[in-house]
Amino acid sequence: MAGADLTIVPSRLTKLRLGAPNSKVVHYPLSLKLGKYLAADKFSYRQKQLDPASRAKVKISLPVSGAAVGLRFYEEISERLNSLESRFTFYITSRDSDFTKIFLAKMAKRPYAKIHAFEHDRQVVASYDRTIRTNTIALEITKPSEQAFKALYSPRQVGGVVLLFTRPIGRQEQDNLWYLGRNGLIPSREDQAALWRHELGVIAKAKNWRGLRLPSEPKKAAKFINWCLETGVFSSMLSYTAKAKSSGVTKLWDYVDKL
């Protein structure tokens with residue numbers, strides 16, 4: 001770490017022990033750049049995108065996982081969403097690999113999709129951050145992998161997009177959703193089921209959520225997203241106010257440091 005421009009550490013105690021002056025404490029795998037707060041006009045623009053009465057383009061991020069999982073789902077849901085509402089524009093960030101070439105070629109022909117594909121992972125990560133920062137993205141359709149922790153951002157922060165989670169694959173993604181559920185960042189199972197049934201009574205709770213789960217079938221997922229836009233669910237979610245943070249993560253890392 002000697003000579004490093006910036007060292008990311010999990011706790012203040014670790015920072016002191018390392019004696020690294022250029023270090024930053026980050027308890028969760030979140031981008032520091034995306035944690036910056038939006039200028040007032042940028043946040044207003046995010047609100048305008050999700051206003052049911054607006055005709056502003058709704059900008060949706062579609063980050064493709066390194067394993068290129070869910071490409072068929074992304075292809076179908078973007079097509080169906082565009083057929084339901086022409087306001088949707090998709091920003092696809094992906095590796096340019098043998099696994100993604102066909103998908104990227106198909107999406108490149110669609111006027112409502114913007115492709116950012118690169119050969120190396122670092123380029124992909126940098127492009128993803130840049131896309132979120134420069135376009136004031138409003139929604140993101142993503143796997144509940146490490147991307148799920150963006151739910152800890154406020155909608156007033158650059159990375160505070162409304163998160164729409166695809167079906168979890170594997171224990172880690174399921175655990176991530178359980179974490180979000182325990183902390184009230186996504187609806188309970190009962191509320192989520194009510195949303196999928198398009199029940200209006202549950203909309204009043206939307207201001208408490210940072211993300212929603214999508215139906216596993218693309219056609220139903222597209223209808224659900226469009227319903228959330230039209231009924232103001234997404235607009236209400238931008239009113240989310242962060243709850244008081246627990247010190248549990250800090251205590252855990254401090255305990256580990258002492259061992």
Side-chain angles (χ1 to χ4, degrees), residues 26-31 34-35 50 59-78 81 90-95 99-100 103 121 124-125 128-129 131-132 137-155 157-196 202 205-206 208-225 227-229 233-234 237-238 240 242-243 245-246 248-249:
V26 179
H27 299 304
Y28 301 95
L30 295 172
S31 166
L34 299 186
L50 299 183
K59 297 181 177 181
I60 304 180
S61 170
L62 290 179
V64 175
S65 71
V69 175
L71 299 186
R72 183 62 180 167
F73 182 89
Y74 279 1
E75 184 181 340
E76 289 190 24
I77 196 171
S78 60
L81 271 174
F90 302 88
Y91 291 76
I92 299 168
T93 310
S94 171
R95 274 197 66 189
F99 300 106
T100 61
F103 167 75
D121 288 335
V124 175
V125 173
Y128 172 79
D129 277 15
T131 296
I132 298 292
I137 300 294
L139 302 174
E140 179 167 300
I141 301 174
T142 184
K143 285 160 51 64
S145 56
E146 67 279 359
Q147 300 290 347
F149 291 99
K150 287 204 296 298
L152 297 171
Y153 288 133
S154 157
Q157 290 173 281
V158 175
V161 296
V162 171
L163 294 161
L164 303 172
F165 296 115
T166 58
R167 181 174 59 87
I169 299 176
R171 181 59 183 269
Q172 181 180 353
E173 293 188 5
Q174 188 66 63
D175 283 346
N176 290 345
L177 289 176
W178 284 339
Y179 169 82
L180 297 181
R182 287 197 307 273
N183 287 276
L185 295 164
I186 60 174
S188 66
R189 288 182 178 273
E190 294 75 18
D191 286 342
Q192 183 64 76
L195 285 169
W196 284 347
V202 76
K205 298 181 181 181
N208 299 313
W209 304 324
R210 283 285 295 112
L212 304 173
R213 293 183 63 177
L214 294 176
S216 57
E217 205 278 316
K219 184 177 181 179
K220 291 181 179 179
K223 287 184 177 180
F224 174 66
I225 292 172
W227 178 80
C228 288
L229 177 65
V233 173
F234 292 149
M237 289 175 73
L238 291 185
Y240 172 85
K243 304 173 182 65
K245 293 182 179 180
S246 167
V249 174

Side-chain heavy-atom pair [X], [Y] within 4.5 angstrom cut-off:
| X | Y | answer |
| --- | --- | --- |
| Asp121 | Arg95 | yes |
| Leu229 | Leu139 | no |
| Leu34 | Tyr128 | yes |
| Pro144 | Arg213 | no |
| Leu163 | Gln147 | no |
| Val158 | Tyr153 | no |
| Ile132 | Ser61 | yes |
| Leu212 | Val233 | yes |

Would a distance-only check, ignoring hydrogens and angles, find a side-chain to backbone donor-acceptor pair under 3.5 Å from [X] to [Y]?
| X | Y | value |
| --- | --- | --- |
| Tyr74 | Ile141 | yes |
| Glu217 | Lys219 | yes |
| Arg182 | Leu177 | no |
| Gln192 | Pro187 | no |

What distance separates [X] [atom1] from [Y] [atom2], expressed to the nearest 0.5 Å?
| X | Y | atom1 | atom2 | result |
| --- | --- | --- | --- | --- |
| Glu140 | Lys59 | CD | NZ | 14.5 Å |
| Phe234 | Leu164 | CZ | CG | 4.5 Å |
| Arg210 | Asn183 | CZ | CG | 13.0 Å |
| Leu152 | Leu185 | CG | CG | 6.0 Å |
| Phe165 | Ser145 | CZ | OG | 9.0 Å |
| Met237 | Lys205 | CE | NZ | 14.0 Å |

Please check if the number of heavy atoms outside Gln172 that lie under 6.0 Å from its CD is greater than 12. no

Please report the shortest heavy-atom distance between [X] and [Y], naming the atom on each side.
| X | Y | value |
| --- | --- | --- |
| Glu75 | Ser78 | O-OG, 3.0 Å |
| Arg167 | Ser216 | CD-CB, 4.1 Å |
| Ala151 | Leu180 | CB-CD2, 3.8 Å |

Identified side-chain contact (heavy atoms from CB on, under 4.5 Å) partner of Val162 from the options Ile60, Ile137, Leu50: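 With Val162 as partner, side-chain contact (heavy atoms from CB on, under 4.5 Å) holds for just one option, Leu50.
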
CA sep, side-chain torsions, deciding dist, call: Ile77, Leu214, side-chain contact (heavy atoms from CB on, under 4.5 Å): CA-CA 11 Å; Ile77 196 171; Leu214 294 176; 4.3 Å; yes

How are the rings of Phe149 and Tyr179 set to each other: parallel, tilted or perpendicular (split at 30° and 60°)?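 Phe149 vs Tyr179 ring planes: tilted.
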
